[in-house]
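Input: a single structure, listed below in structure tokens.
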Amino acid sequence: MVFNAHLEELTIKHLILINPNGNSDATAIMVEQAQTVLGLGVRVMGKTNTQAPNLLATPADMQLAKQGVLALGLEAAQALTGREKSSAIIIAAFSDPGLLELRTQVSIPVLGIGEAVFLEAAANHKRFSIVTITPDPELLASFCTRVAELGLGAQYCGARVTQGNAQTLLVSPQLLDAALSSTITKSIHDGAQAIILGGGPLSASADRLQPQFDIPLLNPVAAAARAAFKD
């Protein structure tokens, strides 16, 4: 039995999901989503940046979250020393705070849910757009900048923001889904052939709302999980 347990530990893959905000409930939901995508062959573990607010709504929030993300990422990489070929780290906030910095400091693959879902959307669909709940103009502009940096600008239809206070929506799945559904419909009229739900805490809504729409609703956490161990 000891041998079998040791063999399992050697063969199973590990994924560390870092939630850059301070909402541990959101971390648990995103871990569950990633685990569902990856199955039993990968052990998904969540880390919450408890020093950050529960919602990262501005570029300044993202900047503040970086320190915690880097600390958690370095700690995770150290714990997985020797398993670099069978491990990965996901940064689970749509603006990918700390992604580029952490990549330069660890040998384990590091993925951001924003970057991953942009690449998946562009690879599988002609035109895509973003629906999110955070209206900060600088944050919305940063999405456009990142899309352009990835060379996907020609496929990007832009971003739309839901009506209502973001914090209020996040505590009510019913209100959140209703606000997202209305905004998704508007994005479809913009010509989008796939809709990205722009935010880690919005990922679960993609699955709940998909039956209402004929075009794909893309879950950033699921996209990053698929990319983490892509052959």
Side-chain angles (χ1 to χ4, degrees), residues 15-38 42-73 75-76 88-99 102 110-117 130-136 139 142-143 159 161-162 164-181 183-184 195-210 217-228:
L15 176 68
I16 306 297
L17 184 146
I18 298 174
N19 179 6
N21 73 43
N23 189 335
S24 58
D25 290 338
T27 306
I29 291 170
M30 292 189 290
V31 165
E32 182 179 0
Q33 292 171 351
Q35 191 69 73
T36 298
V37 169
L38 294 170
V42 179
R43 182 174 297 153
V44 182
M45 295 162 282
K47 303 284 185 181
T48 304
N49 183 15
T50 56
Q51 304 305 309
N54 282 2
L55 177 65
L56 304 178
T58 68
D61 290 340
M62 298 296 174
Q63 191 65 33
L64 287 172
K66 278 188 180 183
Q67 183 176 357
V69 169
L70 291 173
L72 291 170
E75 178 184 46
I89 295 171
I90 285 177
I91 298 175
F94 193 61
S95 291
D96 300 335
L99 173 64
L102 187 58
V110 183
L111 300 94
I113 64 170
E115 180 182 88
V117 77
I130 298 167
V131 168
T132 188
I133 63 172
T134 48
D136 184 88
L139 192 64
S142 74
F143 300 160
V161 182
T162 53
N165 178 271
Q167 295 281 7
T168 301
L169 294 178
L170 285 177
V171 299
S172 171
Q174 293 80 12
L175 290 177
L176 176 62
D177 286 0
L180 288 169
S181 179
T183 311
I184 288 166
I195 308 292
I196 296 169
L197 296 192
L202 309 185
S203 294
S205 291
D207 295 331
R208 294 195 299 263
L209 292 173
Q210 183 62 76
L217 306 183
L218 304 182
N219 176 337
V221 172
R226 283 189 285 269

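It should be emphasised that the depicted structure is a prediction, and the values quoted were computed from it without experimental measurement.
Judged by distance alone, with hydrogens and angles left aside, the side-chain atoms of Ser181 form no donor-acceptor pair with the main-chain N or O of Ala178 at under 3.5 Å. Checked by atom type and distance alone, the side chain of Gln33 never pairs as donor or acceptor with a backbone atom of Ala222 at under 3.5 Å. Without hydrogens or angle criteria, Asp96 side chain to Gly114 main chain gives a donor-acceptor distance under 3.5 Å. Side-chain atoms of Asn49 come within 3.5 Å of backbone atoms of Pro20 as a donor-acceptor pair (strictly under, hydrogens ignored). A donor-acceptor pair is defined here as one N or O able to donate and one able to accept, closer than 3.5 Å; such a pair exists between the side chain of Gln35 and the backbone of Val42.
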Quick one, Thr58 with Leu139, criterion side-chain contact (heavy atoms from CB on, under 4.5 Å). Give me CA distance, side-chain angles, the key distance, then yes/no.
CA-CA 6 Å; Thr58 68; Leu139 192 64; 5.9 Å; no
Assess the residue pair Ser205 and Asp177 against the criterion (side chain to side chain donor-acceptor pair (under 3.5 Å)); give the C-alpha distance rounded to whole Å, side-chain angles, the decisive distance to 0.1 Å, and a yes or no.
CA-CA 6 Å; Ser205 291; Asp177 286 0; 2.8 Å; yes
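Nearest heavy-atom pair across Leu15 and Ala34 is CD2-CB, 4.2 Å. When all heavy atoms of Val171 and Thr168 are compared, the pair lying nearest together is CG2-O, 3.1 Å. When all heavy atoms are compared, the tightest approach of Gly98 to Ile91 is C-CD1, 3.9 Å. The heavy-atom pair separating Leu17 from Ala92 by the smallest distance is CD2-CB, 3.8 Å. Scanning both residues, Val131 and Leu202, for their nearest heavy atoms gives O-CD1, 4.1 Å. Smallest separation of non-hydrogen atoms from Ile113 and Ala224: CG2-CB, 3.8 Å.
With a 4.5 Å cut-off on side-chain heavy atoms, Asp136 and Pro59 count as touching. Side-chain atoms of Leu56 and Leu64, non-hydrogen and from C-beta on, never get closer than 4.5 Å to each other.
Here OG1 of Thr27 is found 6.5 Å from CG of Asn21. Values are rounded to the nearest 0.5 Å. In this structure, Arg208 CZ and Leu176 CG are separated by 6.5 Å, a value rounded to the nearest 0.5 Å. Taking CG from Leu217 and CD1 from Ile184, the interatomic distance works out to 4.5 Å, rounded to the nearest 0.5 Å. In this structure, the separation between CD on Gln210 and CG on Leu197 is 9.0 Å, given to the nearest 0.5 Å. Here CD of Glu75 is found 5.0 Å from NZ of Lys47. Values are rounded to the nearest 0.5 Å. The structure places CG of Asn165 at 9.0 Å from CG of Leu55, a figure rounded to the nearest 0.5 Å.
Residue Phe94 is tested with Val221, Thr132, Ile196 for a side chain to side chain contact (heavy atoms under 4.5 Å, CB included); the sole match is Ile196.
For residues 48-66, the set of pairs meeting the salt bridge (charged side-chain N to carboxylate O under 4.0 Å, His left out) definition, not counting sequence neighbours, comprises Lys66-Glu101.
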